[in-house]
Engineer: 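Here it is, the structure in full.
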Amino acid sequence: MVSIDLHVHLAPKFDPDELGIPGIGRAADGRLTANSSPLGPPSLYRPDEAETYLDRAGLDEAVVSVPPPFFRQGSPGTEQWVQAINDGLLQATERHPRLQPLAYLPLEEPEFAAKEYERVRTEGRFAGVCGPAGGRSVSLSDTRFEPLWTELDADARLLLLHPGTSPDARLEEFYLHNLLGSPVETIIATAQLVFGDVLSRYPGLRLLLVHCGGCVPAVAGRWQRGLDTRRPGVSTLIEPPRRALNRIFVDCLAHDPALIDHAVEVFGENRVVLGTDWPFAMGTDDPRGQLAHRSCAFVEQVATTNAARALGTHSGVRGR
């Protein structure tokens with residue numbers, strides 16, 4: 001079976017001069033820039049290095065998406081920018097069939113996110129879609145998302161949620177915007193989907209949370225207690241939080257064997273997939289190593305069977 005890393009990042013390929021968005025340019029080393037600051041590390045722009053990583057890790061494929069520096073939530077020119085990065089990601093992976101791209105959807109603009117999904121919906125090279133969890137996005141329980149959820153549900157399409165930049169100024173010190181902000185943004189977005197009954201109403205939606213679900217495993221019991229004691233606003237749900245969480249896939253990027261075990265208890269053995277956050281320093285080059293304390297059979301299930309389940313009909317190396 002095909003072994004897949006579902007959390008790998010790659011930069012799109014396009015000419016910023018042709019795009020014409022103020023503040024977007026190119027550094028001397030070829031990286032794209034926003035207000036003269038490079039967007040991501042150099043390896044992000046080298047798909048051949050992503051394939052070298054796959055060889056080193058003993059994996060067949062990677063599902064690739066743009067990282068948070070490309071989200072640009074609240075910046076001008078969203079529509080033009082999003083179309084450029086989605087078309088550019090197709091171009092960046094065109095000669096690299098082992099790299100399956102995800103189309104980016106700007107969830108801070110629900111109507112345009114749905115419009116962009118319509119534009120890329122029939123492009124077979126996209127393995128699914130991705131979008132920011134939290135950051136400056138509106139609540140994922142907002143009714144304006146109904147058209148998008150309806151289409152993703154009908155298509156049984158993967159949606160990878162990756163934390164956006166936290167708007168909390170308290171996290172500016174000690175690198176807390178990443179060390180704490182990222183897992184918190186993931187849990188906020190997940191709570192909106194669980195308590196908004198989105199996952200229950202759209203069971204075909206294949207949701208993937210990175211970083212082993214962020215803070216979600218730690219509060220699953222607390223969420224259930226909130227329902228059991230009929231706390232204000234959570235007294236009625238189609239299905240309880242514990243059951244809703246069983247609909248979610250999470251990657252294995254936990255940096256803690258105990259958290260892997262807890263995630264298996266919360267989400268289920270068939271809901272954990274490989275994810276590395278390559279090529280960023282907070283990731284890992286050895287995704288199987290995150291699971292090494294468990295059985296070899298489980299590790300291979302995560303790498304192959306669970307990955308195929310998350311991707312649905314959109315799995316497998318293109319051209320096979």
Engineer: Looking at Arg72 and Thr78, would you say the former's side chain and the latter's main chain have a donor-acceptor pair under 3.5 Å?
Structural biologist: no

Engineer: How far apart are the closest heavy atoms of Ala127 and Gln100, and which atoms are they?
Structural biologist: CB-OE1, 3.5 Å

Engineer: To the nearest 0.5 Å, what is the distance between CG on Leu237 and CD on Gln224?
Structural biologist: 9.0 Å

Engineer: Look at the side-chain heavy atoms of Ile, Leu, Val, Met, Phe, Trp and Tyr, link any pair under 4.5 Å apart, and say whether Val184 and Val194 land in one connected group.
Structural biologist: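 Shared cluster, yes.
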
Engineer: Check the pair Tyr53 / Val8 against side chain to side chain contact (heavy atoms under 4.5 Å, CB included), numbers first and verdict last.
Structural biologist: CA-CA 10 Å; Tyr53 147 67; Val8 167; 4.1 Å; yes

Engineer: I want to check something: taking the side chain as every heavy atom from C-beta on, are Val250 and Val272 in contact at a cut-off of under 4.5 Å?
Structural biologist: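 They are in side-chain contact.
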
Engineer: Give a yes or no on whether Arg225 atom CZ has more than 12 heavy-atom contacts from other residues, nucleotides or ligands under 6.0 Å away.
Structural biologist: no

Engineer: Salt bridge between Arg247 and Glu239, side-chain N to carboxylate O under 4.0 Å?
Structural biologist: yes

Engineer: Taking the side chain as every heavy atom from C-beta outward, state whether Lys115 and Glu109 have any atom pair closer than 4.5 Å.
Structural biologist: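 Of all side-chain heavy-atom pairs linking Glu109 with Lys115, none is under 4.5 Å.
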
Engineer: How far does CG of Leu89 sit from SG of Cys130, to the nearest 0.5 angstrom?
Structural biologist: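 Going from CG on Leu89 over to SG on Cys130, the span is 8.0 Å.
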
Engineer: Evaluate the side-chain proximity of Arg26 to Pro16: yes if any heavy-atom separation is below 4.5 Å, no if none is.
Structural biologist: yes

Engineer: Is there a donor-acceptor contact under 3.5 Å from the side chain of Glu123 to the main chain of Leu90?
Structural biologist: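 Side chain of Glu123 to backbone of Leu90, a donor-acceptor pair under 3.5 Å: no, none is there.
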
Engineer: Are any side-chain N or O atoms of Arg157 and backbone N or O atoms of Leu152, one a donor and one an acceptor, separated by less than 3.5 Å?
Structural biologist: no

Engineer: Does the pair Asp228/Arg242 count as a salt bridge with the N-to-O cut at 4.0 Å?
Structural biologist: no

Engineer: Between Val216 and Phe267, does the side chain to side chain contact (heavy atoms under 4.5 Å, CB included) criterion hold? Intermediate values first, please.
Structural biologist: CA-CA 10 Å; Val216 175; Phe267 301 103; 3.8 Å; yes

Engineer: Between Val210 and Asp277, does the side chain to side chain contact (heavy atoms under 4.5 Å, CB included) criterion hold? Intermediate values first, please.
Structural biologist: CA-CA 8 Å; Val210 298; Asp277 214 352; over 6 Å; no

Engineer: Quick check on side-chain contact (heavy atoms from CB on, under 4.5 Å): which of Leu209, Leu193, Leu199, Thr190 does Leu245 satisfy it with?
Structural biologist: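 The option that passes is Thr190.
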
Engineer: Do the side chains of Phe70 and His9 get nearer than 4.5 Å, heavy atoms only?
Structural biologist: no

Engineer: Go through the steps for Glu269 and Arg294 under the test side chain to side chain contact (heavy atoms under 4.5 Å, CB included), then give the verdict.
Structural biologist: CA-CA 11 Å; Glu269 283 194 351; Arg294 298 182 69 92; 3.6 Å; yes

Engineer: Over all heavy atoms of both residues, which pair between Gly214 and Pro217 is shortest? Give the atoms and the distance, please.
Structural biologist: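 Looks like O-CD, 3.6 Å.
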
Engineer: Are Asp60 and Met1 packed together at the side-chain level, in the sense that at least one heavy-atom pair is separated by less than 4.5 angstrom?
Structural biologist: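 Counting from C-beta outward, Asp60 and Met1 never come under 4.5 Å.
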
Engineer: Ignoring hydrogens, what is the shortest heavy-atom contact between Thr150 and Tyr202? Give both atom names and the distance.
Structural biologist: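 Closest pair (atom of Thr150, atom of Tyr202, distance): OG1-CE2, 3.6 Å.
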
Engineer: Roughly how far apart are Arg46 CZ and Glu51 CD, rounded to 0.5 Å?
Structural biologist: 14.5 Å

Engineer: Restricting to non-hydrogen atoms, name the atom on Ala34 and the atom on Leu39 that form the minimum distance, rounded to 0.1 Å.
Structural biologist: CB-CD2, 3.9 Å

Engineer: Quick one: does any side-chain atom of Glu111 pair with a main-chain N or O of Arg144 as donor and acceptor, under 3.5 Å?
Structural biologist: no

Engineer: Does Ile238 offer a backbone N or O that forms a donor-acceptor pair with the side chain of Asp197 under 3.5 Å?
Structural biologist: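 Yes; judged by distance alone, with no hydrogens or angles, the pair exists.
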
Engineer: About how many Å separate CG of Leu311 and CG of Leu158, when rounded to the nearest 0.5 Å?
Structural biologist: 5.5 Å

Engineer: Are Leu180 and Leu259 joined in one hydrophobic group, where the rule is that I, L, V, M, F, W and Y side chains link up if heavy atoms are under 4.5 Å apart?
Structural biologist: no

Engineer: For residues 133-140, which side-chain donor-acceptor pairs fall under 3.5 Å, sequence neighbours excluded?
Structural biologist:
unit_1	atom_1	unit_2	atom_2	d
Ser137	OG	Gln73	NE2	2.9
Ser137	OG	Gly134	O	3.3
Ser139	OG	Ser141	N	3.2
Ser139	OG	Ser141	OG	2.7

Engineer: Per the side chain to side chain donor-acceptor pair (under 3.5 Å) rule, which among Thr284, Asp286, Asp251, Asp5 passes with Thr276?
Structural biologist: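 Result: among Thr284, Asp286, Asp251, Asp5, Asp5 is the only option passing the side chain to side chain donor-acceptor pair (under 3.5 Å) with Thr276.
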
Engineer: Compare every heavy atom of Leu59 with every heavy atom of Arg98, then report the nearest pair and how far apart it is.
Structural biologist: NH2-O, 2.9 Å

Engineer: Just by modelled atom types, is the Leu32 backbone N or O under 3.5 Å from a matching donor or acceptor in the Tyr45 side chain?
Structural biologist: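 Yes; at least one donor-acceptor contact below 3.5 Å.
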
Engineer: Which pair of heavy atoms, one from Ser43 and one from Pro279, lies closest together, and at what distance?
Structural biologist: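 Result for this residue pair: CB-CB, 3.9 Å.
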
Engineer: Is Trp149 reachable from Phe126 through a run of hydrophobic residues whose side-chain heavy atoms are each under 4.5 Å from the next?
Structural biologist: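 Yes, Phe126 connects to Trp149 through the hydrophobic network.
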
Engineer: Return all side-chain donor-acceptor pairs below 3.5 angstrom for residues 171-179, not counting sequence neighbours, or 'none' if the list is empty.
Structural biologist:
unit_1	atom_1	unit_2	atom_2	d
Tyr175	OH	Asn178	ND2	3.4

Engineer: Can you tell me if Arg56 has over 12 outside heavy atoms packed within less than 6.0 Å of its CZ?
Structural biologist: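 It does: Arg56 CZ has more than 12 such atoms within range.
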
Engineer: With the threshold set at 4.0 Å, does a side-chain nitrogen-carboxylate oxygen contact exist between Arg119 and Glu79?
Structural biologist: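 Answer for the salt bridge query: no.
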
Engineer: Would you indicate whether the side-chain heavy atoms of Arg271 and Ile248 approach each other to under 4.5 Å?
Structural biologist: no

Engineer: Answer whether the closest heavy-atom distance between the side chains of Trp278 and Glu49 falls below 4.5 Å.
Structural biologist: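 Contact flag for Trp278/Glu49 side chains = yes.
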
Engineer: Tell me if the centroids of the rings in His7 and His211 come within less than 6.0 Å of each other.
Structural biologist: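 Ring-ring flag for His7/His211: true, centres closer than 6.0 Å.
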
Engineer: I'd like to know if the side chain of Arg288 and the backbone of Ala57 have a donor-acceptor N/O pair within less than 3.5 Å.
Structural biologist: yes

Engineer: Do Trp81 and Phe14 make the cut of ring centroids closer than 6.0 angstrom?
Structural biologist: yes

Engineer: Say you draw a straight line from CD of Gln80 to CD1 of Ile85; how long is it, rounded to the nearest 0.5 Å?
Structural biologist: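 Answer for the CD-CD1 pair, Gln80 versus Ile85, is 12.0 Å.
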
Engineer: Answer yes if the side chains of Asn306 and Arg309 hold a donor-acceptor pair under 3.5 Å, and no otherwise.
Structural biologist: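 A donor-acceptor contact under 3.5 Å links the two side chains.
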
Engineer: Assigning hydrophobic clusters by single linkage (Ile, Leu, Val, Met, Phe, Trp, Tyr; side-chain heavy-atom cutoff under 4.5 Å), is Leu6 placed with Leu253?
Structural biologist: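 The answer is no; the residues belong to distinct hydrophobic clusters.
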
Engineer: Just how far is it from atom CG of Leu291 to atom CZ of Phe298, taken to the nearest 0.5 Å?
Structural biologist: 6.0 Å

Engineer: If we only count heavy atoms from C-beta on, is the Pro101 to His96 side-chain gap below 4.5 Å?
Structural biologist: no

